[in-house]
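Structure first, commentary second.
Below, chains carry the letters A, B, ... as their sequence lines are ordered, and counting in each starts from 1.
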Amino acid sequence: MNDMTPDREERSANLKGMGCSRKRVEDARFTQGKGNYVDDIKLPDMLHGDFVRSPYAHARVVSVNKEAALALPGVVAVLTAEDLAPLNLHWMPTLAGDKQMVLADGKVLFQGQEVAFVVASDRYVAADAVELVEVEYEELPVITDPFEALKSDVVLREDLEGQTEGAHGPRKHHNHIFTWEQGDEAGTNQVLDNAEVVAEETMYYHRTHPCPLETCGSVASMDKVNGKLTLWGTFQAPHVVRTVASLLSGIEEHNIRVVSPDIGGGFGNKVGVYPGYVCSIVASIVTGKPVKWVEDRMENLMSTAFARDYHMTGKISATKDGKITGLHCHVTADHGGFDACADPTKFPAGFMNICTGSYDIPVAYLAVDGVYTNKAPGGVSYRCSFRVTEAVYFIERMIEVLAIELDMDAAELRRINFIKKEQFPYTAALGWEYDSGDYHTAWDKALETVEYDALRKEQAERVEAFKRGETRKLMGVGLSFFTEIVGAGPVKNCDILGMGMFDSCEIRIHPTGSAIARLGTISQGQGHATTFAQILASEIGISADSITIEEGDTDTAPYGLGTYGSRSTPVAGAATAMAGRKIRAKAQMIAAYLLEVHDDDVEFDIDRFVVKGAPERFKTMKEIAYAAYNQAIPGIEPGLEAVSYYDPPNMTYPFGAYVCVMDIDVDTGVPEIRRFYALDDCGTRINPMIIEGQVHGGLTEALAVALGQEIAYDDLGNVKTGTLMDFFLPTAWEVPNYETDYTVTPSPHHPIGAKGVGESPHVGGVPCFSNAVQDAFRAFGLRHTNMPHDHWRIWQTANGLGLHD
Amino acid sequence: MSDKMHIKLKVNGEDKEFLAEPRELLIYALREKLNITGPHVGCETSHCGACTVTIDGKSVKSCTMFVAQANGAEITTIEGIGEPDALHVLQENFREHHGLQCGFCTPGMITRATKLLEENPNPTEEEVRFGMAGNICRCTGYQNIVKSILSAASEINAAKEAAQ
Ligand code: FES
Ligand code: FES
């Protein structure tokens, strides 16, 4: 069998390992409608849960009358806080060290808050019963503005009254949550005070929502005979959900099985623990039957997981020729009624302290004040790694404003301030150690490809033509250069609810040379079943087609912290490579035994071990796998399995250079994207096809956020954007074709040099689209205007600049 | 609760009969009464297209319709398109061109695209974008969906030409 050896190239291609655009194994199911999402789960005798929600943003709950609802045939139970209190489940801890009401305990703090949970035979009966629950409210003054909240006598969180110390230090006011300070305040102020040039700007990064196409939901099934609870749900972090469920319910962790089935997109929406999950568990325990809860779109937009809502004030100083000398940033962060941000415990404002961006800024200071208001809780990382989106938007706007102040080209201003290649690893003024980068190369490549100078020339001509009355369209050239910080994270400083943010992979090689690998992460469309098999194929020499990847079942998968913040490839991908290397080490010993040579005399070659200097003598991984099970090898245990828990030594720092060319109709406010060029450097590229798909998707979500997507409230705390009629999700009609490109700067500390990419396009895309809009008006004196740049707001900007006169 | 109606449908070529409240949305009747879970629910307000099926030859968002309105209709869902060992050209092309990620929009997308290509066998990119604008995808940014559909169109046309 050793004669007809295919050549190395062919053997390598057969593996479908790293670097190839392997087609996705997930697609056969999904294209035939055979996915299995949470709402597809149907169990015998399953009941349906539905919430009675508060119409008010701030009110006392005077009474709840369940009688009429309970009288409706098919209604099994109506749960309120009073029913949950004896189990101590009427409140739950949040990921941010706060606590949140599961069901309204005496008052409600935002419109759409969960007040009672109806359990009935089907979803229609449950919905009817929701209407029959009579709740008496007493309205209280509503505060939707965080600045007002910090001045107001109205106490939003009465449960915290008198507590001057929060989870993240002192509270300055009864509606204040925390102050988080980073960097050198005195040093920064001194630089700013003595600077040649200082640019200041205030900007609001509006509230929005990840809005995956599938909403959140769960099915809980308590088996009273065996004492086992099974919970299926839309969980980006199933193991954490198991631990939380155990701590909350008192059911021992081994008696809880949490399963994330197929997930219809997450984007941060499915990281947190929501009242619906808790109520489905309680209802199943109470009724002894499986209980399903799936929120509708309106509930999703109103209650689970908003993102952003940062009021940011910046000061940036520079020399006259544009060298940045210092940066000051203050954020007032609107967290809504409960602090339910999904950040690593020690980072109440996530990684906002990456706000010095890609620039060599000697001194900086950041302070974030978290504030309660009568808005929904959340503060999740919508397609970003813990507030990196806010940080990058902030610095990329400050750069533009500084360019205006200096009367300088914004691309040139970036270039002269980039951290240089030879400065890596680079310790930023706010503490992070950037592992690697080559910003100048990426920037030059991007500007050259789009013919930047020609664009500027065309833009200047357009301005002149506009002034002469020959056109009503202006042209914007949007630039952004971003550095992300992903792959949370090193256990020494990253944890969620005390769980270190490592991740894991367990591999079993079967006797016939195929394999199964299980991970602590969970795909929501990123194609893990495809790409993790590619990493393994390259590491262990077994074809990706012969490797099954399994995630999301806590009974079988090793413990991991889940998928969000672009952490799967940096952390679980590393665990996969490391577990693969353990397999390879054992395989080497087996091969040496079979070839009757010393361990050191064989070496790995694509899909086999060969005797050094005698490549005709080898054992394929298939032969080695078989040998591991079929014969006694002295000194080696039978079997071929490995597990790795990977604690990353550092974050990874993907970066990219984006350019957007836009034409804006001044009279209609409609922006037309003429060109979008995205260069991403995510280190080693595992599957170019999937990377490109992630970039398209992330850019489209960026387009949405920059150009219209918003969770807006009126003064009474009513959500004005609660359906897809008002909440902007772009269709194929509004979205351009994107040009993608790349450079490769591998991460020096990651086993395969990969950095993660899923969120980069969103992080870099939002400022790029926004800068394009604002750049179009630069010649007419615009300095800054807030997103979202919908048609109406763009029209207003044009109008305010006198362009309609 | 209102009285139940006797509903007859032909779904993916099979006759189905069942009792349902007239107010029940067609999407829930399909998903919960008939266990046809390919079409999904993304909004219930006819914005997202995840629930798209073909009813009597037309693309319909099945959350927009009561099951009573569909009584007697002939319905095709994603389950009626292609076979595991003989995928529809669109299914093949969505895989080939990475036209899906989480897969939640995919059944509606492909179901709609089959009709689009019947209505207009030779669409331009612009016509594909316009013809698919009733179906939202949150993951892909549409570029590869458009590519998949255009590529499927040329494959279908090439096959037709070859047959002539
Ligand atoms: S569920 Fe029917 S269009 Fe969204
Ligand atoms: S693939 Fe996820 S919504 Fe389209």
Contact class of [X] relative to chain B, heavy atoms under 4.5 angstrom:
X: A:P761; result: neither
X: A:Q524; result: backbone
X: A:Y124; result: both
X: A:D262; result: neither
X: A:K23; result: both
X: A:F267; result: side chain
X: A:M298; result: neither
X: A:T731; result: both
X: A:R123; result: side chain
X: A:Q694; result: both
X: A:L699; result: neither
X: A:I690; result: both

Which of A:R24, A:E214, A:Q526 touches chain B most, by non-hydrogen pairs under 4.5 Å: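 Ranked by contacts with chain B, first place is A:R24.
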Flag the one option from A:G265, A:G35, A:G33, A:P210 with the top tally of heavy-atom pairs under 4.5 Å to chain B.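 Looking at each option in turn, the highest pair count goes to A:G33.
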Distance-only, no hydrogens or angles: does the [X] side chain make a donor-acceptor pair with backbone N or O of [Y] under 3.5 Å?
X: A:T740; Y: A:A678; result: no
X: B:T140; Y: B:L100; result: no
X: A:D40; Y: A:Y37; result: yes
X: A:S260; Y: A:F235; result: yes
X: A:E299; Y: A:D296; result: yes

Under a 4.0 Å threshold between the charged nitrogen and the carboxylate oxygen, would [Y] count as salt-bridged to [X]?
X: B:R129; Y: B:E126; result: no
X: A:D545; Y: A:K16; result: yes
X: B:E44; Y: A:R297; result: no
X: B:E119; Y: B:R112; result: yes

Report the relative orientation of the aromatic rings in A:F676 and A:F769; use parallel for angles under 30°, tilted for 30 to 60°, perpendicular for over 60°.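 The rings of A:F676 and A:F769 sit tilted, inter-plane angle from 30° to 60°.
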Can you confirm whether A:L301 sits close enough to A:T723 that some side-chain heavy atom of one is under 4.5 Å from a side-chain heavy atom of the other?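 A:L301 vs A:T723: side chains apart.
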Taking C-beta and beyond as the side chain, do B:N12 and B:T77 meet within less than 4.5 Å on heavy atoms? yes
If you count heavy-atom pairs under 4.5 Å between each of [options] and chain A, which one has the most?
options: B:H97, B:E83, B:M132, B:R31; value: B:R31
options: B:E96, B:K147, B:E125; value: B:E96
options: B:F94, B:Y28, B:F130; value: B:Y28

CZ of B:F104 to CZ of B:R138: how many Å apart, nearest 0.5 Å?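 It comes to 13.5 Å.
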Chain A heavy atoms under 4.5 Å from [X]: which part of the residue, side chain, backbone, both or neither?
X: B:I81; answer: neither
X: B:A133; answer: both
X: B:P39; answer: neither
X: B:I145; answer: neither

